[in-house]
Amino acid sequence: MAEATIAQDQTNLRQEPFTKNQKLTLWSTIAGFGLEHMDALFISFALTSIISSFHISNFAGGMIASVSSWGTLIGGILFGMLADRIGRAKVFTWTLFVVAFSTGAIYFAHNIWLVYLFRFIAGVGTGSEYGAGVTLIAENFAGKKIGKLTSLAHIGGQVGAILAAIASAIVIPLFGWNALFLVGLFPVILAFIARIQLKDSDEFHALQEQRQNQEKENIKTKVPLLALFQTPAMTWQTVALTLMMMVHTGGYYGLMNWLPKIMQKQLGLSISSSNLWMVATIVGMSLGMYFFGHILDKFGPRFSYTFFFIMAAVSLYTLLLAKNAWSLILIMMVVGFFSNGMYGGYGVIVSRLYPAEYRVTANSVVSSVGKVLGGFFPPIIGLLMDKYSLAAVMIFFSLIYLFALVIMLLIPALKKTNVEF
């Protein structure tokens with residue numbers, strides 16, 4: 001009888017309407033992820049023009065994403081630990097100014113070294129977006145299934161990518177690639193307005209009271225970064241999740257950075273046309289995220305990730321079947337659906353497997369370190385394109401997705417059936 005009562009209470013809790021702060025949490029996270037993806041995709045859509053303008057190699061062009069990933073690493077770790085100490089909402093709000101400065105500064109970049117510098121600073125700012133955002137959702141929606149909610153937040157990121165594609169198709173031909181980055185300043189203002197009223201969860205406030213009591217008793221608290229590696233089991237869990245994120249983000253940025261250039265070469269599309277066709281990929285990604293969030297809530301992470309990793313490895317080969325723009329649009333939607341659909345699940349898993357004391361740090365480390373390692377994929381793909389063929393690129397992607405699948409199956413905590421996802 002007691003178990004039935006608890007189950008009924010949990011069901012009622014999940015069906016309760018969202019509070020004002022929950023709505024702010026969701027919408028501000030959607031806006032933040034949209035800004036992050038818009039900022040990242042600007043480089044993707046401007047890459048061909050940047051390479052041509054500065055007369056650099058494909059490898060040097062691919063390094064732009066890698067440099068940004070290093071900034072994300074530093075920003076993610078530093079701001080992640082700060083968010084675990086002073087509050088998720090504060091850090092989530094004020095790092096927007098770092099993003100605004102670095103995005104607008106790209107307009108004045110007249111050599112590749114300045115591009116590297118400003119993209120690094122942008123990475124530092126956006127490094128806090130992911131960790132703080134998914135943690136805020138996990139904590140402010142306690143008692144609810146969050147697979148669908150985090151997927152909705154990441155779909156907001158894809159909306160930002162669509163806006164980036166549309167903006168690049170209009171701005172680059174008329175004003176040049178530098179002007180594209182001025183467009184990124186507008187979402188920063190909207191995101192800041194939403195976040196200025198954002199509050200941390202009751203769980204975090206309770207944690208702060210506990211810390212104050214520990215300080216009075218001279219009890220030392222754990223350093224968040226070191227806590228991720230305090231036991232062999234925790235170390236393997238952190239490393240494994242990071243490797244999964246490496247494959248995911250490496251595949252995402254590899255495809256999104258180079259797919260416009262591949263399309264231009266294979267099918268003779270113009271820059272503006274290829275950018276518009278990229279919208280099909282982004283739509284596919286959004287649909288994949290929505291579907292993945294549902295099956296994650298229903299079946300758990302092992303089944304969900306196994307299905308998507310296998311399908312991602314297989315679906316990539318359909319790109320070789322594209323003969324014209326009309327066949328390409330369907331193929332790109334399928335590839336996007338499976339290659340990026342599972343992105344929203346990482347924040348769910350990490351937020352459920354790590355305690356509140358270092359939850360933002362855990363999310364930030366998994367995301368930012370994974371992005372740094374995945375950031376080496378674009379230059380590797382550039383080398384494969386220079387020396388081999390599109391088929392070699394597809395084989396490379398397939399192998400890394402299967403590698404991520406094996407890693408996921410080897411995480412002991414994901415085998416447990418008593419973890420609420």
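Just so you know, these numbers come straight off a predicted model, no measurement behind them. When reading the values below, keep in mind they use all heavy atoms of this one structure, side chains included, and skip hydrogens, waters and symmetry mates.
Applying the side chain to side chain contact (heavy atoms under 4.5 Å, CB included) criterion to Leu24, with sequence neighbours excluded, gives Lys20, Gln197, Leu198. Residues meeting the ring-ring contact (aromatic ring centres under 6.0 Å, His included) test with Phe42, sequence neighbours left out: Phe181. Qualifying ring-ring contact (aromatic ring centres under 6.0 Å, His included) partners for Tyr401, counting only residues two or more places apart in sequence or in other chains: none. Shown here are the ring-ring contact (aromatic ring centres under 6.0 Å, His included) partners of His205, two or more places apart in sequence or in another chain: there are none. Ala122 meets the side chain to side chain contact (heavy atoms under 4.5 Å, CB included) test with Asp39, Ser102, Arg119; sequence neighbours excluded. Not counting sequence neighbours, Phe120 has no partner by the ring-ring contact (aromatic ring centres under 6.0 Å, His included) test.
Applying the side chain to side chain contact (heavy atoms under 4.5 Å, CB included) test between Val366 and each of Leu243, Leu228, Val350 identifies Val350 as the sole match.
Under the 3.5 Å distance criterion, with hydrogens and angles disregarded, no donor-acceptor pair is assigned to the side chains of Tyr346 and Ser367. A donor-acceptor pair shorter than 3.5 Å can be found between the side chains of Gln230 and Tyr358. There is no side-chain donor-acceptor pair under 3.5 Å between Tyr354 and Thr361. Side chains of His154 and Asn340: no donor on one and acceptor on the other come within 3.5 Å.
The pair Glu203-Arg359 meets the salt-bridge criterion, with a side-chain N (NZ, NE, NH1 or NH2) lying under 4.0 Å from an Asp/Glu carboxylate O.
For Phe79 and Phe92, the ring centers sit 6.0 Å or farther from each other.
Classified by interplanar angle (parallel below 30°, tilted 30° to 60°, perpendicular above 60°), the ring pair Tyr130/Phe33 is parallel.
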*Between Phe338 and Val334, is a side-chain contact (heavy atoms from CB on, under 4.5 Å) present by the stated rule, with each step listed?*
CA-CA 7 Å; Phe338 291 110; Val334 173; 4.2 Å; yes

